[in-house]
Engineer: 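Supplied in structure tokens, the structure appears directly below.
Chain letters run A, B, ... following the sequence lines, proteins first and then strands; every chain starts at 1.
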Number of protein chains: 2
Amino acid sequence: MTTAEPRSVKIVRHDASVPKAMKQSDEADVVELKGAAKTRQAISDAARELFAHEEYANASVRNIASKAGADPALVIRYFGSKEQLFLETVQFEGFFELAMAGPLEGLGERIVSALLSDQRDAGFSAYRAMMRASGSEVIRRRLLEAIHEMFVEPLAPRLKGPDAALRARLVAAQLAGLIDGIAILEDAELAATDRKRLSEVYGAALQGLIQP
Amino acid sequence: MTTAEPRSVKIVRHDASVPKAMKQSDEADVVELKGAAKTRQAISDAARELFAHEEYANASVRNIASKAGADPALVIRYFGSKEQLFLETVQFEGFFELAMAGPLEGLGERIVSALLSDQRDAGFSAYRAMMRASGSEVIRRRLLEAIHEMFVEPLAPRLKGPDAALRARLVAAQLAGLIDGIAILEDAELAATDRKRLSEVYGAALQGLIQP
DNA sequence: GAAGCATGTCAACACTGTTGACATATGTGG
DNA sequence: CCACATATGTCAACAGTGTTGACATGCTTC
């Protein structure tokens, strides 16, 4: 993002070097990591936390390193670049499978409800972080992929009627708009609104795309 | 955004100093600006252009200054900070008044159509820039205000039925989701979709919020 | 012409991501 | 057990960033 490179071209110099000491101990579930593997893990944890709470630009490699008790140079050695560190640590987990699973009837409301109810903080902060960092080509693409994988691909084949693929994509767009308001712009009114009513109202509009 | 301050607190040190030479010549429409006013204008123009095409973080004060043929220190002197320069230059113009004006019937489709058809590039890039820079508290708030002023306030009083204010806010959210896809994430499929069909389909979902 | 202020220039500060050279630990083959 | 190789960690430096304060120049007004 910064230095010594021509502004628009991005060259990845060396790949993220996974420490050799890193092997899955087949035994314990909670592995006591040693040496480099432990350091890498510490960096990863620190990065996840900082990227969730700070802006991309403000979560500095030096901050991450210090929080992990490691040297900034190690961060780059292990992950290649700050951008790759971001990509490896900030991710969506399986997110809407549950809500997605049910019948088409009432799906709109169920999705919105799932979005609001649970502790979706992890997903929210991932979306927020990627959205704000979407000036980076790779991150932008990654977010776009995630949207397609999570919504469009599972949904499109199930929709009946014309423009199924388009409508599936627009379902995702409509949801994105809601997350924008709640998680990125932190609209106080939106946050204060009764979840159930919000699910009903916005879910109904979603349903209009699902079953026109 | 950067230096010498404790990370979270933001102190504005000196106000943007408007050059004294700046007076509206009451005569000509296109005023030939002189001295400082001209410089300020040049900086403003350069900033507008760079913020539209580059990310906030990548549009450096030094770049802006050099594009304007001025010294970086002058940029700060005139605008107070990079953040304030952003706020003063990146703005929405009157945007949806036209589409908003008509009857409630078919309003959803008209709004989407207005969003897509014209050259809305200026508005798109303003939204994109502010969204990506929304890690800054002031910028986040400004964007939120703009959304309320442009959509919620004009729309809410016109909506009939329950939850009018909420529904107006959700209309804005739904639109934001579409702009996300087109202008920020640059979804190729979305961009390739026939505008008319898109207006119809998404507009119908919007209409479900406008007239449930 | 001199004082005063507007405007412009410059070098420096503390920060950023990233790199390359070095030091140390760790493990392996003889 | 030593020697060697490699994995891991440390450090200083580079070019870039936003911002500041000290200085130089210009223009106005007494």
Engineer: Roughly, in whole Å, what's the span from CG in Asn58(A) to C1' in dC15(C)?
Structural biologist: 11 Å
Engineer: Where the side chain of Ala73(B) is concerned, which of dG17(C), dG21(D), dG9(D) is the nearest nucleotide?
Structural biologist: dG21(D)
Engineer: What is the distance from CD of Glu54(A) to P of dG17(C), rounded to the nearest Å?
Structural biologist: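 Computing the Glu54(A):CD to dG17(C):P distance gives 12 Å.
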Engineer: Tell me the interatomic distance from Gln41(A), atom CD, to dT8(D), atom P, rounded to whole angstroms.
Structural biologist: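 My rounded result for the distance is 15 Å.
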Engineer: What is the distance from CG of Asp71(A) to C1' of dA23(C), rounded to the nearest Å?
Structural biologist: 13 Å
Engineer: Determine the contact category for Ala70(B): base if any of its heavy atoms lies under 4.0 Å from a base atom, sugar-phosphate if only primed atoms, P, OP1 or OP2 are that close, otherwise nothing.
Structural biologist: nothing
Engineer: Mind checking side-chain hydrogen bond (donor to acceptor under 3.5 Å, both in side chains) for Arg197(A) and listing every partner two or more places apart, or none if nothing turns up?
Structural biologist: Asp163(B)
Engineer: Does any N or O donor sit under 3.5 Å from an N or O acceptor when you compare the side chain of Arg62(B) with the base of dG16(D)?
Structural biologist: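 Answer no: no donor N or O sits under 3.5 Å from an acceptor.
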Engineer: How close or far is atom C1' of dG18(D) from atom CD1 of Ile64(B), stated in whole angstroms?
Structural biologist: 11 Å
Engineer: To the nearest Å, give me how far apart CZ (Arg77(B)) and C1' (dA22(D)) are.
Structural biologist: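 These atoms are roughly 10 Å apart.
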Engineer: Just to verify, which of Val171(A), Val201(A), Leu170(A), Leu107(A) counts as forming a side-chain contact (heavy atoms from CB on, under 4.5 Å) with Leu206(A)?
Structural biologist: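 That would be Val171(A); it is the only one of Val171(A), Val201(A), Leu170(A), Leu107(A) passing the side-chain contact (heavy atoms from CB on, under 4.5 Å) with Leu206(A).
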Engineer: Does any N or O in the side chain of Tyr202(A) come within less than 3.5 Å of the main-chain N or O of Gln174(A), such that one atom is a donor and the other an acceptor?
Structural biologist: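 Side chain of Tyr202(A) to backbone of Gln174(A): a pair is present.
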Engineer: State whether Ser60(A) places a side-chain N or O below 4.0 Å from either non-bridging phosphate oxygen (OP1 or OP2) of dC15(C).
Structural biologist: no
Engineer: To the nearest Å, how far apart are Leu74(A) CG and dT10(D) P?
Structural biologist: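 It is 7 Å, rounded to the nearest whole Å.
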Engineer: Can you tell me if the side-chain N/O atoms of Ser81(A) get under 4.0 Å from OP1 or OP2 in dG17(C)?
Structural biologist: no
Engineer: Charged N to carboxylate O below 4.0 Å: is that the case for Arg141(A) and Glu145(A)?
Structural biologist: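 No, no charged N to carboxylate O under 4.0 Å.
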Engineer: Nearest whole Å is fine: how far is dG18(D) P from Phe79(B) CZ?
Structural biologist: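 About 15 Å, once rounded to whole Å.
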